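Below: the structure, in structure tokens.
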Amino acid sequence: MSDMPLPLTGADRPINEAVRPSSGRRFLGLGRRLISPLLLLVLWQVLSATGILPARILAGPTDIIAAAQRLIASGELITGLMVSFLRVLAGFSIALVAGVVLALVAGVSRIGDLLIDPPIQMLKAMPFLGLLPLFILWFGIGETPKIGLVAFGAVFPIYLTLLGGIRGVDKKLVEAGRTLGLSNLGIIRHIFIPGALPSLLVGIRYGLSVAWLSLVVGEQINASSGIGQIITYARDFLQTDVIVVCLMVYALMGLVTDGLVRLVEAHALRWRPQVLA
Amino acid sequence: MTNLVDIRNLSRSFGAVSVLKGIDLQIAPGEFVALLGRSGSGKSTLLRMLAGLDEGTADRLHLPPRRSVVFQEPRLMPWKTVLDNVTLGVDGKTVDERAQQTLDDVGLSHRKHAWPLTLSGGEAQRAALARALVRKPELLLLDEPFASLDALTRLRMHSLVFDLWRKHGPAVLLVTHDVWEAIALADRILVLGDGHFTKEVRVPVSHPRRRSDPELARIEADLLSELGVEPLTV
């Protein structure tokens, strides 16, 4: 594509290489940082193998790997993962739509701001995980309270960052848009939304981490499926290895969804110089 | 010939401060008018009112429907390529073709897929000019468009604007504080001070205008003294 940055000229190269450490040295740096985690892992394994750390408190690393292999082989983990993932997907989608619509209305209209912002700021102050008992009373113990908790938790970061982004859009660009004959909708579409997109993407990443956190809490309550159900079952049978595997899966899914947003970010924000460079 | 712009008794105040005090302004089709004035004289306010970005009171406010603005900053949308910036808000089937043509006119067709933040100051202002011209304005409003450019780039932009004006033929209102810029380009120069026009000068010299021309030097000295600046005596 012709909008790629120019290749470095010969004169630029030595400077760049002097500043950036070579790949070999970076590997060495990373290796040094891995020493203490590896030592802890070895210590953990030794304590487990000698029985000083009993399995009902915490299973050893090799047991955990074995449990993971077993859960994957039986298909239990994949099925549970899909159920949990769909809950996050459903809840987060609701949060995304609601957060974007509310922030747009509050961001571009004064009346909207007056009506929408105060109640959201009040709700935000509430520890939303504490709403779970109410959600159970309202929605029972099925999928609704779990998805609802995810949506409720994730909507705030999306709303707040997008609203901040909209308020930060250069008013001079809005003025230029008016002189170009853009309608109000055109100004929202061509100026406010792309201008606030960098903030929104930060909010989406933060919202996703809150979504997974909400799911972990929501799934502890009477989960008849999903990762939460595997954990509940394992707790009843003192299978600490299975619990650790599930926690790692939660962490991994958080990393994967975050990575997906980063990919979107790299494409959608390619106009920014720091992404170009 | 009827005037393209016909304004009578235009006033604008911000609170108790009266910025424009009953201004009359006529601009003929295709005329190049420069508006000089010190900082805070209200020249940008007047331009913003002509652009429809500010409101005041007037007995008569006749403006052509097609008006374009180039500001001091390029004000390109950084998330749109140069070409998408130029076509933003323009409808029609031949838009892309016309945009290409206009980018050719400003000498920027090789950068049409570039992101605005990768352009130099001069390139960005040329893109802003293309964006204004592609709308086929009857009135082109230029609000100190070259003020942030370096001296050499500014001189190049002067001849570019002159050529574009000759080719596309809009009436131009150029707001500037650069006296020579006004003299080099305009048919008529207005000086705004204390809320009304304090001077009107026609520049009856053919193009290209040389700085050494004694007639132009006389006009320049005249305008500078009107603006309260005495020329250096060496």
Side-chain angles (χ1 to χ4, degrees), chain A residues 1-9 12 100 104 107-108 161-162 164-202 204 264-277, chain B residues 44 47-55 63 65-92 95 99 109-120 124 127-128 130-137 139-143 145:
Chain A
M1 260 165 64
S2 54
D3 54 15
M4 291 290 283
L6 291 170
L8 292 176
T9 63
D12 292 333
V100 167
L104 276 178
V108 301
T161 51
L162 179 56
I166 290 173
R167 295 208 169 129
V169 167
D170 189 353
K171 297 297 169 291
K172 290 183 166 181
L173 293 183
V174 178
E175 222 173 62
R178 296 243 175 263
T179 68
L180 298 176
L182 291 181
S183 62
N184 285 340
L185 267 181
I187 282 178
I188 289 174
R189 185 175 147 211
H190 295 293
I191 300 174
F192 280 118
I193 290 180
L197 192 63
S199 308
L200 175 63
L201 285 165
V202 171
I204 285 178
V264 173
E265 209 166 51
H267 176 78
L269 305 184
R270 63 200 189 285
W271 51 270
R272 292 206 297 193
Q274 58 265 48
V275 179
L276 283 171
Chain B
S44 282
L47 180 132
R48 289 173 57 80
M49 294 177 81
L50 295 184
L53 293 172
D54 201 351
E55 281 176 16
L63 293 166
R66 290 201 309 277
R67 288 163 287 162
S68 294
V69 192
V70 178
F71 299 94
Q72 183 176 338
E73 326 79 27
R75 300 199 190 184
L76 302 168
M77 311 303 157
W79 41 84
K80 290 183 183 291
T81 62
V82 168
L83 185 63
D84 287 343
N85 261 287
V86 171
T87 57
L88 181 59
V90 189
D91 296 322
V95 174
S109 44
H110 64 296
R111 298 289 270 145
K112 65 185 172 195
H113 295 304
W115 299 110
L117 293 179
T118 67
L119 300 178
S120 71
R131 182 174 70 174
L133 286 171
V134 83
R135 280 143 235 277
K136 297 183 177 166
L139 177 63
L140 179 62
L141 299 161
L142 306 175
D143 190 4

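In this text, all values refer to a predicted model and were calculated from it rather than measured experimentally. A note on names: the letters A, B, ... follow the listed sequences, proteins ahead of strands, and every chain is numbered from 1.
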Where does Leu76(B) contact chain A at under 4.5 Å (heavy atoms): side chain, backbone, both or neither? backbone
Give me the atom names and distance for the closest heavy-atom approach of Trp79(B) to His190(A). NE1-O, 2.8 Å
Measure the shortest side-chain to side-chain distance between Trp271(A) and Met77(B) over non-hydrogen atoms and say whether it is less than 4.5 angstrom. no
Where on Lys80(B) is there a heavy atom nearer than 4.5 Å to chain A: the side chain, the backbone, both, or neither? side chain
Who pairs with Arg189(A) by salt bridge (Lys or Arg N to Asp or Glu O under 4.0 Å), at least two apart in sequence or on another chain? none
Just jot down the salt bridge (Lys or Arg N to Asp or Glu O under 4.0 Å) partners of Asp84(B), sequence neighbours excluded, or say none. none
Can you find a heavy atom in the side chain of Arg135(B) that is under 4.5 Å from one in the side chain of Leu180(A)? yes
Under a 4.5 Å cutoff for heavy-atom pairs, which residue among Ala176(A), Pro194(A), Gly181(A), Ser183(A) has the most contacts with chain B? Pro194(A)
When the 4.5 angstrom heavy-atom criterion is applied to Leu182(A) and chain B, the contacting part is side chain
Heavy-atom cut-off 4.5 Å, strictly under: side chain, backbone, both or neither for Leu53(B) against chain A? side chain
So which part of Arg48(B) gets closer than 4.5 Å to some heavy atom of chain A, the side chain, the backbone, both or neither? side chain
